[in-house]
Amino acid sequence: MLERCRKKELLGLLNAMIEANESVVKSLSSDPQELTEVLIQCQDAAMQIGAHLEIFGETYRPMVSTLEDYCEKIYQMSISLSDKDRCRKLSKKIRKQLIDLQNRLQYEVPDERKEVVFLPYKASMWDSLESVWKAADEDENTDAYVIPIPYYVKNPNGSFKEEHYEGELYPEYVPTTKYDEYDFEKRRPDIIFIHNPYDNNNHITSVHPFFYSSNLKKFTDKLVYIPYFVLQEISQDDKAAVKDIENFCITPAVFNANKVIVQSENMRNIYINVLTDFMKENSKEDTRKYWEKKILGLGSPKTDKILSAGKEPIEVPEEWRKAIEKTDGSRRKVIFYNTGLTALLRHGEKLLDKIEDTFQVFKKNQDHMTLLWRPHPLFRATIVSMRPGLKERYDRIVTEYCSQGWGIYDDTSDLDRAVAVSDAYYGDASSVVQLYQEIGKPVMYHDIETLEEVK
């Protein structure tokens, strides 16, 4: 594996090459085979330096060209070892080249630049990494890369369906790199950030297996996992509530990452407690210390994004405006309606009944309220994978709702716009609820068992 060198390591290789050049000239009467071996090692060192300078970018291409010329001179020297005068002339030219390279490397190549990679898969989940990326991108000593990765919806038998790639759905201000144009083995980034915790343990979707946390940890010394979700804050002493979120704590990424960043100090303590109990076979004291170092309660970038959303103008689509604004210029109340995966898997047909019932209620009250329906981004994929018998009915519900025009259907990647535009939350228990609570907007859950409209 080719690891990324630091500037001081590259300078060390150059110093060794300068010393070797002088040593060869002083030892021209020695065994030619031994001298040839030294020259081959110098060529290898030059190729290694050149490979790493290419990683830094096109700016350093002239230095790479100098190294290529150096390798040619080394070759000429190797075939001229019996001609001492020619070797000495070549040695002088080589020394001049190496001293020049040493100075340019010292003063032109940045000190200790970091390379940080962000690997989102669904664009709608980018907000769970964005504020961290912004901080890295603004650091003049950091090269930050956003590399959207492919994912697959799973068939009921667990096999992969077609590949999905959402690289074109990210905000214009976020430059993205194609996942097949970045060589992880060659570049070995200092830090990799991920927000997908499941590897192959998700029954609905899977990122490409190359991007499983179990594989990514081979290519960096610091793999950092930040959940794409925000959980409802609960008491550490509420055993039933803690039990309900255990599956979020015990995931492959939590075990494979070097650091895990969660939404709060309270949630950090819950993760530590759950993981310590989970690893019962180990010393409890040592296990707790391990997780205390690994889990950090630094907050969620999703919250950062929501809190900053109100500080900038929001671009509202024209079709949204038509549903929100009255003819007299006043504004209807906008209710964010969320339908989630847990409710879908638990209630199936009953949830679809509730959705249709909710539409009837809001349609009757459209003069003063607008429903903004935003199903979970994986809602339909979950139906296809886990509840295929509901697909035809669900597609009909979506088509009818969108065609009637009295409400808003939001399947975009921009959750924050929907939260910012809306006045209140209605629907299933969800990580989105925590975001509404953070910004002080009302939250109301729907009762799937109760239908308001008589069929």
Side-chain angles (χ1 to χ4, degrees), residues 1-81 87-117 136 139-145 182-192 216-223 258:
M1 181 181 293
L2 178 63
E3 296 186 358
R4 293 172 63 234
C5 286
R6 296 299 181 201
K7 176 176 169 179
K8 62 183 180 182
E9 294 168 337
L10 299 181
L11 287 169
L13 286 172
L14 269 175
N15 285 331
M17 290 156 62
I18 292 171
E19 292 174 2
N21 179 62
E22 294 175 354
S23 175
V24 167
V25 172
K26 292 177 181 179
S27 308
L28 288 174
S29 299
S30 301
D31 182 356
Q33 184 62 37
E34 291 181 3
L35 295 179
T36 300
E37 289 296 327
V38 173
L39 295 174
I40 289 173
Q41 291 174 14
C42 288
Q43 277 192 327
D44 289 343
M47 292 172 65
Q48 186 176 356
I49 295 172
H52 290 294
L53 287 175
E54 285 183 336
I55 290 174
F56 287 126
E58 190 64 28
T59 303
Y60 303 100
R61 180 63 205 172
M63 296 173 68
V64 175
S65 297
T66 299
L67 285 163
E68 291 170 348
D69 184 67
Y70 163 81
C71 286
E72 175 60 26
K73 286 184 171 63
I74 287 290
Y75 170 72
Q76 293 299 325
M77 183 179 283
S78 70
I79 62 176
S80 307
L81 289 173
C87 285
R88 289 191 180 97
K89 289 179 181 179
L90 286 169
S91 176
K92 286 182 180 180
K93 293 179 180 179
I94 286 172
R95 177 177 173 79
K96 184 177 183 302
Q97 279 185 321
L98 294 180
I99 294 298
D100 179 59
L101 277 170
Q102 189 179 48
N103 290 332
R104 292 171 67 184
L105 185 61
Q106 178 69 54
Y107 297 108
E108 294 179 22
V109 175
D111 288 318
E112 300 297 324
R113 288 193 68 79
K114 288 185 177 180
E115 187 154 312
V116 181
V117 168
D139 185 344
E140 61 181 15
N141 292 317
T142 298
D143 296 317
Y145 293 84
Y182 186 95
D183 190 329
F184 284 82
E185 185 171 4
K186 180 179 179 181
R187 301 181 73 124
R188 193 170 176 82
D190 297 276
I191 308 175
I192 296 177
L216 289 173
K217 67 181 183 180
K218 301 174 186 176
F219 305 112
T220 184
D221 293 327
K222 194 167 187 179
L223 179 64
N258 300 101

- prompt: With a 4.0 Å cut-off, would you call Glu68 and Arg61 a salt bridge?
  reply: yes

message: Between Lys114 and Asp139, does any side-chain N to carboxylate O distance fall below 4.0 Å?
response: no

- prompt: When rounded to the nearest 0.5 angstrom, what distance separates NE2 in His52 from NZ in Lys186?
  reply: 9.0 Å

statement: In this structure, OG1 of Thr142 is separated from CG of Asp190 (nearest 0.5 Å) by 8.5 Å

Close side-chain approach of Cys42 and Tyr70, heavy atoms under 4.5 Å: yes

- prompt: Hey, is the main chain of Lys218 close enough, under 3.5 Å, to the side chain of Arg188 for a donor-acceptor pair?
  reply: yes

message: With rounding to the nearest 0.5 angstrom, report the CD1 to CZ distance, Ile99 to Arg104.
response: 13.5 Å

- prompt: Would you say Thr220's side chain and Lys217's backbone share a donor-acceptor pair under 3.5 angstrom?
  reply: no

- prompt: For the residue pair Val24 and Met77, what are the closest heavy atoms and their distance?
  reply: CG1-SD, 3.9 Å

message: Donor-acceptor check, side chain of Gln43 to backbone of Cys71, threshold 3.5 angstrom: yes or no?
response: yes

task: Answer yes or no: is there an ion pair linking Lys96 with Asp100, defined by an N-O contact shorter than 4.0 Å?
output: no

Ile79 and Gln76, any side-chain heavy atoms less than 4.5 Å apart: yes

